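One structure is given below, encoded as structure tokens.
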There are 2 protein chains.
Amino acid sequence: MRSSQPAGLLPQPPSPITDDGDEEHFCHSCSFSSACNAVGQGKPELNALQCLVEHVGPYQGGQHVFRTGDPFRSIFAVRSGTVKTSVVDRDGREQVLGFYLPGEVIGLNAIYPDRFPCDAVALETARFCRFQFPAMSALASRMPVVQQHLFRLLSKELGAATLLAGDHSADERMAAFLTDLSERYAARGFSSTSFHLSMSRGDIANYLRLAAETVSRVLSRFRSQGLIEIEGRELTVSDPEGLRMLGQNLLPS
Amino acid sequence: MRSSQPAGLLPQPPSPITDDGDEEHFCHSCSFSSACNAVGQGKPELNALQCLVEHVGPYQGGQHVFRTGDPFRSIFAVRSGTVKTSVVDRDGREQVLGFYLPGEVIGLNAIYPDRFPCDAVALETARFCRFQFPAMSALASRMPVVQQHLFRLLSKELGAATLLAGDHSADERMAAFLTDLSERYAARGFSSTSFHLSMSRGDIANYLRLAAETVSRVLSRFRSQGLIEIEGRELTVSDPEGLRMLGQNLLPS
DNA sequence: GTTTTGAGTTGACTAGGGTCAAGGCGCTCT
DNA sequence: AGAGCGCCTTGACCCTAGTCAACTCAAAAC
């Protein structure tokens, strides 16, 4: 199953960025690790999970992983790369819903409508673990720990969505966004103070419900205040605590 | 179990508003009906569900059903009355997260943190079905239909939270809010064109991330445009289609 | 090498909605 | 009845962030 490729895509040589790395380490930093590990500890259910997990990709930057309205059949855990989810409203305007880093899961919001309610686009070359959902759901019935994990993932995402809905200033939003990204990178074993923004200013602006110009201005202001250093899409957080203070009202707990 | 009361509350005579009504009809309009019905069709699991459901209340308007930080032990289905959920941020400002009508479920966002992440306050005399969650979760493992129902409820709420996060004008937000309320009342068997707003203008404003004055102004404008009639908290929707058009970008599907 | 294109930055102006303030209406409590 | 209070409405003003526009820069296309 390691070698499976989506139809129509040529396999390409692995690069340092997109290489899956060793399974042990990758799974350790994956949102599903507790579920997967629970299954993978020599129990007979191991085979069950292996049947419903499939490694897919690579998707090149700009390619769709799924589109609004596609029938819901599986959820995806990001193995490498970054993904943006978005909807387009009736006026044709895009609304960015979220960015997903390696180890995070997309597609959970499709369970209810039974169709994907948003687009998912790779921002850079990306690979995934694809979990067949009906089978996953069935497995969850037999394995409480898997069920619990799904409940928690859903509930967690619900909490995250709620935070963005508050009325907050541009500075608060940006500070919270950067702090959140920093912590998510840290949780996956990357540097928390220095990383690459894989999304454009426009995407950030859209996600934070600001104008692209405002994002530019706020970043410039943060730089002149010594909170961050930024050049293009390379970001260094100089004052993590200062940023955290600014964004605290938007951050969990 | 029908007669259980929270400690410290005197039973009070049922009123037309707060009376549970007959079980059959109530359950028919409840979000949990498909799960409950599946369980209650003469199967042995009937007893299991009855053990974990408890009818609680009445809570008077202003009373807390649960508070932020309370340990998570159960979810609640509203049987009668209306409930507001909210958080207070570090500056002490309240943020209204949602309003819940009879037949709707509160507490799902507590699964992940394992504590309630928000307050829930009755806006008017309210009664509930309380479901012990660990037991419910265990039941879900044995009964796929219950599990599926929980997944769907969570995923549905996730979709709803996402909609509020967009950047929309005051008019769009208010129109979508009224249309949504109207449809939820209709789904529960009440009039969709004429109903009582159980929350204050301030609560509506807070929920929609507007100022109370703006809510007032928008409602006045809607009235002068012939979209609604409103007197105090009594609302009549004169032009449902017009409202729907206005709020369409915020409404599901 | 030149042109084109798109992302990003910065400045000037504008507008939607927040804030402040005053006043009306309908409660409840003496 | 009168006082007090909370909720609501309306008006005047202001501020944050959006819009429009000009310009830079780097990478891709020719």
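So that the names make sense, note that chain A is the first sequence line, chain B the second, and so on, each numbered from 1. Because the structure is predicted, anything quoted here is derived from the model rather than measured.
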Touch class at under 4.0 angstrom, heavy-atom based, for A:L219 against every strand present | nothing

D:dT10 phosphate, OP1 or OP2: any side-chain N/O from B:S220 under 4.0 angstrom?
-> yes

Minimum-distance nucleotide (side-chain atoms of A:S216 versus C:dT10, D:dT9, D:dG18) | C:dT10

Out of D:dG11, C:dG17, C:dT9, which nucleotide sits closest to the side chain of B:R217?
-> D:dG11

Any A:T214 side-chain nitrogen or oxygen under 4.0 Å from OP1 or OP2 of D:dG18 | yes

First of A:D167 and A:R223 reached from the 5' end of DNA chain C, by closest nucleotide | A:R223

Taken to the nearest 0.5 Å, the spacing of B:Y185 OH from B:F195 CZ works out to 6.5 Å

Winner on side-chain proximity to B:R201, out of D:dT9, D:dA17, C:dG8, is D:dT9

What does A:R209 touch in the nucleic acid at a heavy-atom separation under 4.0 angstrom: a base, only the sugar-phosphate, or nothing?
-> sugar-phosphate

Could you grab the distance from atom OG1 of B:T82 to atom CG of B:L181, nearest 0.5 Å is fine?
-> 9.0 Å

If you check every side-chain atom of B:R233, which of D:dC7, D:dA17, D:dT9 has the closest atom?
-> D:dC7

Side chains of A:S86 and A:D119: do they bring a donor and an acceptor to under 3.5 Å?
-> no

Nearest of C:dG8, D:dT19, C:dT19 to any side-chain atom of B:E213?
-> C:dT19

Which residue lies toward the 5' end of DNA chain D, A:A211 or B:I230, if each is placed at its nearest nucleotide?
-> B:I230

Measure the shortest side-chain to side-chain distance between B:S194 and B:E234 over non-hydrogen atoms and say whether it is less than 4.5 angstrom.
-> no

